[in-house]
Participant: 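Once you've had a glance at the structure underneath, I'll fire off some questions.
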Amino acid sequence: MVFPERKMPGVCWVFLLLLLFAHICDGFYLPGSYMHTYSTKDTIFAKVNSLTSIETELPFSYYSLPYCKPLGGVKKSAENLGELLMGDQIDNSPYRFRMNVNESLYLCTTSPLNEHEVKLLKQRTRDLYQVNMILDNLPVMRIAKQNGVNIQWTGFPVGYSPPNSNDDYIINHLKFKVLVHEYEGSGVEIIGTGEDGMAVFPKADKKKASGFEIVGFEVVPCSVKYDPKAMTKLHMYDKVSSVNCPLRLDKSQIIRERERISFTYEVEFVKSDIRWPSRWDAYLKMEGARVHWFSILNSLMVITFLAGIVFVIFLRTVRRDLTRYEELDKEAQAQMNEELSGWKLVVGDVFREPDCPKLLCVMIGDGVQIMGMAAVTIVFAAFGFMSPASRGMLLTGMIILYLFLGIVAGYVAVRLWRTLKGTSEGWRSVSWSVACFFPGIVFVILTVLNFILWGSKSTGAIPISLYFVLLSLWFCISVPLTLIGGFIGTRAEAIQYPVRTNQIPREIPARKYPSWLLVLGAGTLPFGTLFIELFFILSSIWLGRFYYVFGFLLIVLLLLIIVCAEVSVVLTYMHLCVEDWRWWWKAFFASGSVSLYVFLYSINYLVFDLQSLSGPVSAILYLGYSMIMAIAIMLSTGTIGFITSFYFVHYLFSSVKID
């Protein structure tokens, strides 16, 4: 028997290539930055990030305080767009480490502190500012005991203020513990896109890759009083004797005028079984940042169950109406139209042009853009492409996605405009409005907040140069792409209505209760899917905790989309049943009203969970950023509800023939 020759499908070829690749390399990691291996006595310098506080939320430069500076001077590290917007300022530091060499070293002694330096140190200490140090892209971790439980924190305090005392003491001696794992070059290919670019270690380079990898970075901060006369005779990196953290205040370094502060540190290298791809696990499982998995799952199941019941009841109601109507003959249908009230009576008005049609098109276009950006970012993060090792990459990726999704926003807005108006006239104005509406709101709020940050001399303030970069990205990428999308929208076929619109609008019957109460109440169901995850997101932003459960966030996003669509459709149907044909904006705000609850919850979080936040400046910053978040949520969720309701109404009135 002769079998006909069959070509191997492309999928098979891909599968064979994957098998071949798997044979060539023993493993493949995407950990966020590529692995550095160090030989014994290799020199590594730590870096320092901005000083941060959960009390003020105003970051300041590390060298704004009288700390020791590197011998070659302070040099800023190259930072991406996200890091700059987040207020990060990463500089080099004098803290030198030599691989596998345990030593205790002297750094420097300051000149006598003046009044301004003392005031600044005391203020930073009492505002609970933390020093954020980085070694091999790992933030330093401090382990503190509270009520017998080990609590892990990133960074260490500038100083401390003993209870019932007006004195403040500076942290001037650091006891570092560096965890290292011996790497023997097992042929693992490692590809990453961290702060130092991309690197590959193939099997042929086993010997080059062999050495020690840094898998942990811990610190115990101390305040030690030294004799300034003896310490000034030393030079940077001279060896000093190891010290234990003093328990008595008279042995600690007080902050006061004319004091000279000596800085020292000691390093201990400890071998660890932690492998390099798992080194971030200790940070992502920190006490206080652990997500309440069962609580989230319970919330998701309850909301899914409720939304499912509502949707099933709704489907049965609509189907019964349609079935009854189709079974009648023409005379009975005409009689039914005269006798019955309900959605069938608004057939001549249901597609009447809404109030402020241009604003509606603009908000829908921006909503599509924001939702697309959020969905793609969360999907990529859920699959591990947004590693916490790549600082600022999440925000940078979101901005780039938003810029390029302008073409989709322009297309959707102009096509909806054509559908409402029946003509493409005015599409340029719509496209320009889409490109400027949401970014314009964000730009105005950020500018106001930026003036406040400039006044506080915070590193969180956006530099003028970055302002020009953002404006260039806005007007050189986002605006042209939005106009291109709008032009494509003019060439797309307009959506045809299944029924004609009467010339004279139908009078809407009076109602006992205003319809906006129902619209506002509808936002509670989408908020129910969101509020638990919102708590952890707010905690990660304002309390300096790591948020890395993007898998759960993806589930919440999908559930939010489903619930927003269902709520909006049900509310639209209810309005049509009471002969209210002005459903356009109600469909948008039925799901978009969740943003009101998000903003109110943010205020609740500020009052009850951010009690440490001090000062009107910090509160204004918090409320400004919360306002941006609420507007983005309103546009995206409102767009989901509107688009779903539009196609539902289109389907509903195309399913029944009414003369």
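Just so we're clear, the structure is a prediction, and the values are computed from it rather than from any experiment.
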Participant: Please set out all donor-acceptor pairs under 3.5 angstrom arising from side-chain atoms of residues 356-364, sequence neighbours excluded.
Facilitator:
{"unit_1": "Lys358", "atom_1": "NZ", "unit_2": "Ser429", "atom_2": "OG", "d": "2.3"}

Participant: Can you establish whether the number of heavy atoms outside Phe487 located under 6.0 Å from its atom CZ is more than 12?
Facilitator: no

Participant: Within the distance-only criterion (no hydrogens, no angle test), does the side chain of His650 pair as donor or acceptor with the backbone N or O of Gln496 below 3.5 angstrom?
Facilitator: yes

Participant: Locate the shortest heavy-atom distance separating Ile462 from Trp454; write the atom from each residue and the value.
Facilitator: O-CZ2, 3.3 Å

Participant: Does anything in residues 401-423 form a salt bridge (charged side-chain N to carboxylate O under 4.0 Å, His left out)? List the pairs, not counting sequence neighbours.
Facilitator: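 Listed by first then second residue: Glu353-Lys421.
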
Participant: Mind checking what makes ring pair (Phe, Tyr, Trp, His ring centres under 6.0 Å) contact with Tyr411, not counting sequence neighbours?
Facilitator: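 Counting only residues at least two positions away or on another chain, Tyr411 forms no ring pair (Phe, Tyr, Trp, His ring centres under 6.0 Å).
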
Participant: Quick one: list whatever passes ring pair (Phe, Tyr, Trp, His ring centres under 6.0 Å) with Phe404, sequence neighbours left out.
Facilitator: none

Participant: Could you work out, with salt bridge (Lys or Arg N to Asp or Glu O under 4.0 Å) as the rule, every residue matching Arg352, not counting sequence neighbours?
Facilitator: Asp349

Participant: For Tyr497, give me all partners under ring pair (Phe, Tyr, Trp, His ring centres under 6.0 Å), at least two apart in sequence or on another chain.
Facilitator: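 Partners of Tyr497 by the ring pair (Phe, Tyr, Trp, His ring centres under 6.0 Å) criterion, ordered by chain and then number, come out as Phe351.
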
Participant: Under the salt bridge (Lys or Arg N to Asp or Glu O under 4.0 Å) test, which residues partner Arg582, sequence neighbours left out?
Facilitator: Asp580

Participant: Atom CZ of residue position Phe380 - does it have more than 12 heavy atoms of other residues, nucleotides or ligands inside 6.0 Å?
Facilitator: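 Not more than 12 within 6.0 Å, no.
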
Participant: Parallel, tilted or perpendicular for Tyr573 and Phe648, by the 30°/60° rule?
Facilitator: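 Tyr573 and Phe648: perpendicular rings.
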
Participant: Suppose we screen for side-chain contact (heavy atoms from CB on, under 4.5 Å). Which residues come up paired with Pro463, at least two apart in sequence or across chains?
Facilitator: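 If we apply the side-chain contact (heavy atoms from CB on, under 4.5 Å) test to Pro463, skipping adjacent residues, the hits are Ser465, Leu466.
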
Participant: Can you give me the closest heavy-atom contact between Ser636 and Ile370, atom names plus distance?
Facilitator: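 Shortest heavy-atom contact: CB-CG2, 4.2 Å.
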
Participant: Given 3.5 Å as the limit, does a donor-acceptor pair link the side chain of Trp583 with the main chain of Val350, or not?
Facilitator: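 Confirmed, Trp583 side chain pairs with Val350 backbone.
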
Participant: Do the side chain of Tyr402 and the main chain of Ala374 share a donor and acceptor less than 3.5 angstrom apart?
Facilitator: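 Here the side-chain-to-backbone pair does not exist.
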
Participant: Using modelled atom types and a 3.5 Å cut-off, is there a donor and acceptor pairing between side-chain atoms of Ser593 and backbone atoms of Gly523?
Facilitator: yes

Participant: Ser645: what forms a side-chain hydrogen bond (donor to acceptor under 3.5 Å, both in side chains) with it, not counting sequence neighbours?
Facilitator: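 For Ser645 the side-chain hydrogen bond (donor to acceptor under 3.5 Å, both in side chains) partners, ignoring immediate neighbours, are Ser568, Thr572.
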
Participant: Please report the closest heavy-atom contact between Leu453 and Ala461, naming both atoms and the distance.
Facilitator: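 Heavy atoms of Leu453 and Ala461 come nearest at CB-CB, 3.7 Å.
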
Participant: Check Ala522 against Pro526 and note the closest heavy-atom contact, atom names and distance.
Facilitator: O-CD, 3.1 Å

Participant: Of all the heavy-atom pairs spanning Leu403 and Ser478, show the shortest one and how long it is.
Facilitator: CD2-CB, 3.7 Å

Participant: Of all residues at least two apart in sequence or in a different chain, which pass the ring pair (Phe, Tyr, Trp, His ring centres under 6.0 Å) check with Trp432?
Facilitator: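 Ring pair (Phe, Tyr, Trp, His ring centres under 6.0 Å) list for Trp432, sorted by chain: empty.
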
Participant: Taking Phe443 as the fixed residue, which of Phe475, Phe438, Tyr467 is the one that meets the ring-ring contact (aromatic ring centres under 6.0 Å, His included) rule?
Facilitator: Tyr467

Participant: Where do Thr637 and Ile633 come nearest, in terms of heavy atoms and distance?
Facilitator: OG1-O, 2.5 Å

Participant: If the condition is salt bridge (Lys or Arg N to Asp or Glu O under 4.0 Å), which residues does Glu425 pass it with, not counting sequence neighbours?
Facilitator: none

Participant: Kindly write out the residues that satisfy side-chain hydrogen bond (donor to acceptor under 3.5 Å, both in side chains) with Thr482, not counting sequence neighbours, or none if the list is empty.
Facilitator: none

